[in-house]
Amino acid sequence: MPIEPDTKDWTWVLRERCPECGFDPLAVDRDDLGRRIRLAAAALHQRLHGEAAAERPDDATWSPLEYAAHVRDVCGVMQARLEQLLGEHDPEFANWDQDQAALDGDYGSQEPEHVAAELDLAAAGLASAADAVPADAWERPGRRSNGSVFTVQTLLVYALHDLEHHARDVTDASGATHTTGSTGTTDETTNHGTEERA
């Protein structure tokens with residue numbers, strides 16, 4: 001059963017704490033972005049082991065496998081956008097529809113061990129790119145086709161929220177302790193991705 005598309009504009013998480021996962025954008029240290037990206041991916045990777053990896057807790061919520069496949073793809077999209085920001089003047093990003101990507105990729109039918117390996121590589125690439133941002137490049141701008149403006153810093157903070165939010169989703173579902181680096185706790189979770197069509 002397809003998940004209901006997420007049509008919310010999540011760019012507000014760049015300005016205020018997320019009430020669902022506790023992520024505070026104002027508390028993110030640039031120098032800690034790479035480490036936190038790696039930690040969030042590791043938490044998702046851990047949930048891909050075991051028979052329940054492909055099981056949805058309910059019809060409206062992704063399985064850990066689907067979350068991990070989504071985060072893998074988010075890492076790739078965000079790294080490509082980061083490279084655009086660093087290499088072009090005020091670029092416009094190509095559109096990416098997270099819900100269509102999930103359908104086209106048939107996330108729930110992918111092999112968990114393959115997704116785990118691909119997630120590790122994608123997150124490592126994004127984390128290393130974040131670690132390597134030049135000191136004078138953090139405010140370089142770009143935009144989505146809907147007009148939302150990002151800088152290098154806000155793009156990476158936005159990506160980090162996506163990873164930590166979903167790491168929280170899967171660790172909460174398993175009863176595990178949340179260790180990705182977000183602050184605050186709530187009992188609420190979202191069904192799926194935070195990168196809307198743009």
Side-chain angles (χ1 to χ4, degrees), residues 10-15 18 21 23-48 67-98 101-102 105 107 110 114-170 179-183 192-198:
W10 283 81
T11 54
W12 58 267
V13 300
L14 296 172
R15 301 182 298 275
C18 177
C21 72
F23 182 89
D24 183 356
L26 302 181
V28 176
D29 184 338
R30 290 175 179 172
D31 294 334
D32 205 25
L33 282 162
R35 182 189 71 86
R36 288 177 64 170
I37 288 168
R38 292 181 182 95
L39 279 174
L44 282 153
H45 179 123
Q46 186 176 14
R47 288 287 286 122
L48 292 176
Y67 277 122
H70 166 73
V71 168
R72 172 202 62 200
D73 289 353
V74 166
C75 287
V77 168
M78 293 302 177
Q79 185 174 354
R81 290 180 177 183
L82 175 58
E83 290 168 358
Q84 276 189 277
L85 287 171
L86 295 174
E88 302 174 25
H89 174 69
D90 195 17
E92 181 176 306
F93 307 134
N95 290 336
W96 185 62
D97 184 333
Q98 62 166 21
Y107 285 172
Q110 295 187 21
H114 294 166
V115 172
E118 292 164 354
L119 171 63
D120 290 348
L121 288 172
L126 180 60
S128 295
D131 289 338
V133 171
D136 62 352
W138 288 99
E139 298 307 316
R140 289 180 64 89
R143 66 202 66 246
R144 294 195 304 214
S145 60
N146 67 357
S148 297
V149 176
F150 288 84
T151 63
V152 168
Q153 178 162 336
T154 60
L155 180 84
L156 286 169
V157 171
Y158 187 78
L160 178 64
H161 170 257
D162 193 290
L163 270 68
E164 291 193 349
H165 195 115
H166 294 319
R168 173 64 179 263
D169 285 333
V170 301
T179 59
T180 61
S182 295
T183 55
H192 58 299
T194 58
E195 164 65 7
E196 71 274 17
R197 298 169 187 79

- Item | Phe150/Leu14 under side-chain contact (heavy atoms from CB on, under 4.5 Å): CA gap, chis, key distance, verdict | CA-CA 10 Å; Phe150 288 84; Leu14 296 172; 3.9 Å; yes

Please check if the side chain of [X] supplies one atom and the backbone of [Y] the other of a donor-acceptor pair under 3.5 Å.
X      : Y      : answer
Arg15  : Pro25  : no
Arg168 : Glu164 : no
Arg140 : Glu88  : yes

Output the distance between atom [atom1] ([X]) and atom [atom2] ([Y]), rounded to the nearest 0.5 Å.
X      : Y     : atom1 : atom2 : answer
Leu119 : His70 : CG    : NE2   : 11.5 Å
Leu163 : Tyr67 : CG    : OH    : 13.5 Å
Leu82  : Cys75 : CG    : SG    : 12.0 Å
Leu39  : Leu44 : CG    : CG    : 11.5 Å
Asp120 : Leu48 : CG    : CG    : 9.0 Å

Mind checking whether [X] and [Y] have side chains closer than 4.5 Å, heavy atoms only?
X      : Y      : result
Gln84  : Leu155 : no
Tyr158 : Arg81  : no
Val77  : Phe93  : no
Met78  : Ile37  : no
Asp29  : Arg36  : no
Phe23  : His165 : no

- Query: Does Glu83 have any side chain to side chain contact (heavy atoms under 4.5 Å, CB included) partners at least two apart in sequence or in another chain, and if so, which?
  - Reply: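 So Glu83 forms a side chain to side chain contact (heavy atoms under 4.5 Å, CB included) with Gln79.
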
For residues [X] and [Y], report the shortest heavy-atom separation together with the two atoms involved.
X      : Y      : result
Trp96  : Ala101 : NE1-CB, 3.7 Å
Leu86  : Pro134 : CD2-CD, 4.3 Å
Leu33  : Ala130 : CB-CB, 4.3 Å
Gly34  : Ala127 : O-CB, 3.5 Å
Asp90  : Gly142 : OD1-CA, 3.7 Å
Ala167 : Ala43  : CB-CB, 4.0 Å

- Task: Using a strict 4.0 Å threshold on nitrogen-to-oxygen distance, state whether Arg30 and Glu139 make a salt bridge.
- Result: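 Answer for the salt bridge query: yes.
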
- Does a sphere of radius 6.0 Å around CD in Glu118 hold more than 12 heavy atoms from other residues, nucleotides or ligands, not counting ones at 6.0 Å or beyond?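 Correct, the count exceeds 12.
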
- Does a donor on one side chain and an acceptor on the other come within less than 3.5 Å for His166 and Asp169?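 Distance-only check passes for His166 and Asp169.
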
- Who passes side chain to side chain donor-acceptor pair (under 3.5 Å) against Gln110, sequence neighbours left out? Arg72

- Task: Among Val152, Leu156, Thr151, Val133, find the one that has a side chain to side chain contact (heavy atoms under 4.5 Å, CB included) with Leu85.
- Result: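 The option that passes is Val152.
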
